[in-house]
Amino acid sequence: MKAWSLTAGLWLAGTGAALAQDLAQDAGELVIGKPWPWQMGLQEAFSPIEEQIHWFNDYSLLFVVPITAFVAGLLAWCVWRYRASKNPVASRTAHNTTIEVIWTLAPVVILLMLAIPSFQLLTAQYNPPSEPELTVKATGYQWYWGYEYQPTEVAPGDDGTVAEPVSFESYPVAEEDIADIKGDIEIYPRLLAVDNEVVVPVNTVVRLISTSADVIHAFAVPSLGVKVDAVPGRINEYWFSASREGIFYGQCSELCGSAHWNMPIAVRAVSQEQYDAWYLAAQEDVAGANEQLNASIEAAQNGRAVAAN
């Protein structure tokens with residue numbers, strides 16, 4: 001009874017965390033893609049691919065749970081039915097055609113039902129729905145990330161001039177420095193906060209190119225459905241599209257060394273207008289561009305909150 005109560009409590013806590021994010025968005029507050037206290041299951045989906053991953057996870061459980069229950073029940077029944085005291089003379093049956101056909105065909109059918117949607121998901125992960133509008137190169141270092149934006153043909157908001165490339169490093173922020181450097185620890189959590197986030201426009205197909213300068217790393221942002229290795233001397237390509245504005249956190253998910261645990265990733269999705277203004281400013285000063293972006297986001301949030309009230 002206690003186990004069931006604990007399970008129900010954890011499930012309700014996880015559901016409450018997801019609901020709180022939705023309510024926060026409706027109230028004009030910043031949506032954060034990160035692990036939440038007492039959360040169960042996957043992080044909330046904020047991209048089309050992550051939504052498909054959630055669907056496939058739930059779909060797979062429709063097979064896993066009944067199979068597990070059936071095998072456990074069958075094992076318990078066999079232990080009880082064929083115990084030595086009840087069945088002193090063991091059966092010497094060597095073959096049963098009907099059973100052998102069933103236990104051969106049933107797994108084949110189940111695997112096919114799992115394989116087809118899994119291949120479709122894998123195909124979608126590496127084939128964007130449209131030509132990427134933005135390309136960002138992520139390079140893993142021991143232990144931080146470097147980002148380089150591929151210049152667009154025409155600078156946003158400019159009159160035909162070619163945009164300059166934007167590149168910067170993203171270092172983790174120590175817990176004791178978060179309040180001074182970043183602000184609210186609920187928005188910039190410990191072990192996940194970085195000094196410079198990757199800024200992308202919302203609802204935009206972003207091509208991610210990953211590589212490494214030293215050892216094997218892995219670029220992973222769970223709420224955006226991103227997980228791609230960064231290998232020295234090799235280029236891997238992936239894509240994502242943030243469906244809502246906010247900050248989405250991840251970490252290097254490869255055992256890349258002693259400070260592997262403190263190699264966070266932060267992706268900030270903003271409106272197209274905010275991104276264009278940030279990109280223009282970042283060509284000259286990334287830190288200054290981030291300050292302007294934060295001020296613009298805060299003003300937009302305050303405006304939505306006032307409108308909601």
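Please read these numbers as outputs of a predicted model, since none were measured by experiment.
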Looking at S60 and F56, would you say the former's side chain and the latter's main chain have a donor-acceptor pair under 3.5 Å? yes

Going by heavy atoms in the side chains, are K34 and E186 under 4.5 Å from each other? yes

When hydrophobic residues are tied together by side-chain contacts of less than 4.5 Å, even through go-betweens, does I216 share a cluster with V228? no

To the nearest 0.5 Å, tell me how far I209 CD1 sits from I235 CD1. 6.0 Å

Non-hydrogen atoms of S212 and A230 that approach each other most closely: CB-O, 3.4 Å

Would you say the side-chain atoms of W261 pair up with the backbone N or O of S258, donor to acceptor, closer than 3.5 Å? yes

Can you find a side-chain donor-acceptor pair between E133 and T204 that sits under 3.5 Å? no

Check whether any side-chain heavy atom of V270 lies under 4.5 Å from a side-chain heavy atom of I297, and answer yes or no. yes

Pairwise distance CG(N294) to NZ(K182) - rounded to 0.5 angstrom: 6.0 Å

With no hydrogens and no angle check, do the side chains of E50 and S47 hold a donor and an acceptor under 3.5 Å apart? no

Answer with yes or no whether the hydrophobic clustering places V194 together with F248; edges join I, L, V, M, F, W, Y residues whose side-chain heavy atoms lie under 4.5 Å apart. no

Count the heavy atoms belonging to other residues, nucleotides or ligands that lie under 6.0 Å from CD of E176, then report whether that count exceeds 12. yes

Carefully, step by step, assess Q274 and S271 under the rule side-chain hydrogen bond (donor to acceptor under 3.5 Å, both in side chains). CA-CA 5 Å; Q274 290 172 328; S271 68; 3.3 Å; yes

Treating Ile, Leu, Val, Met, Phe, Trp and Tyr as nodes and any side-chain heavy-atom pair under 4.5 angstrom as an edge, say whether Y238 and V199 lie in one connected cluster. yes

Do you know which two heavy atoms are closest between I185 and R190, and how far apart they sit? CG1-N, 4.1 Å

Would you say the side chain of S223 lies within less than 4.5 Å of the side chain of E44, judging by non-hydrogen atoms? no

Main-chain N/O of E254 paired to H217 side chain as donor or acceptor, under 3.5 Å: no

What are the two closest non-hydrogen atoms of D214 and G140, and how far apart are they? OD1-O, 3.9 Å

Would you confirm whether R81, through its side chain, and C78, through its main-chain N or O, come within 3.5 Å as a donor-acceptor pair? no

Could you check whether any side-chain N or O of S118 sits under 3.5 Å from a backbone N or O of A115, counting only pairs where one atom can act as donor and the other as acceptor? yes

Do the charged groups of E131 and R207 touch, with an N to O distance under 4.0 Å? yes

Tell me if a side-chain donor or acceptor on D195 pairs with a main-chain N or O of S170 at a distance below 3.5 Å. no

Heavy-atom donor-acceptor pair, H54 side chain to I49 backbone, under 3.5 Å: no

Rounded to the nearest 0.5 Å, what separates atom OG1 in T211 from atom CG in D229? 11.0 Å

Please indicate whether E298 has more than 12 foreign heavy atoms, meaning atoms of other residues, nucleotides or ligands, lying under 6.0 Å from its CD. no

Within the structure provided, determine whether F219 and W145 are in side-chain contact (heavy-atom separation under 4.5 Å). yes

First locate atom CG of N57, then atom CG of L61, and finally report the distance between them rounded to the nearest 0.5 Å. 5.0 Å

Do you see a donor-acceptor pair shorter than 3.5 Å between the side chains of N290 and W278? yes

Between E291 and G288 (side chain of the first, backbone of the second, donor and acceptor by atom type, cut-off under 3.5 Å), is there such a pair? no

Residue pair S241 / V206, side-chain heavy-atom distance below 4.5 Å: no

For Y59, ring pair (Phe, Tyr, Trp, His ring centres under 6.0 Å) partners two or more places apart: W55, F63

Would you call the rings of Y82 and W77 parallel, tilted or perpendicular, where under 30° means parallel and over 60° means perpendicular? perpendicular

For this output row, return yes or no: ring centroids of Y126 and W239 closer than 6.0 angstrom. no

Are any of the side-chain heavy atoms of I265 and Y249 separated by less than 4.5 Å? no

Check for a donor-acceptor pair, side chain of N127 on one end and backbone N or O of T123 on the other, with a separation under 3.5 Å. yes

Donor-acceptor contact present, side-chain Q43 to main-chain F46, <3.5 Å: no

Contact between Q251 and N262 at the side-chain level, heavy atoms closer than 4.5 Å - yes or no? no

For residues L191 and L255: do they belong to one hydrophobic cluster (side chain heavy atoms under 4.5 Å, members Ile, Leu, Val, Met, Phe, Trp, Tyr)? no

Tightest non-hydrogen contact, residues A282 and A289, listed as N-CB, 3.5 Å

For a 4.5 angstrom cut-off between non-hydrogen side-chain atoms, does V65 reach F70? no

On a heavy-atom basis, the closest approach of A94 and E100 is O-OE2, 4.4 Å

CE-CG distance between M263 and L192, expressed to the nearest 0.5 angstrom: 13.5 Å

Measuring from Y147:OH to K137:NZ, what's the distance to the nearest 0.5 Å? 13.5 Å

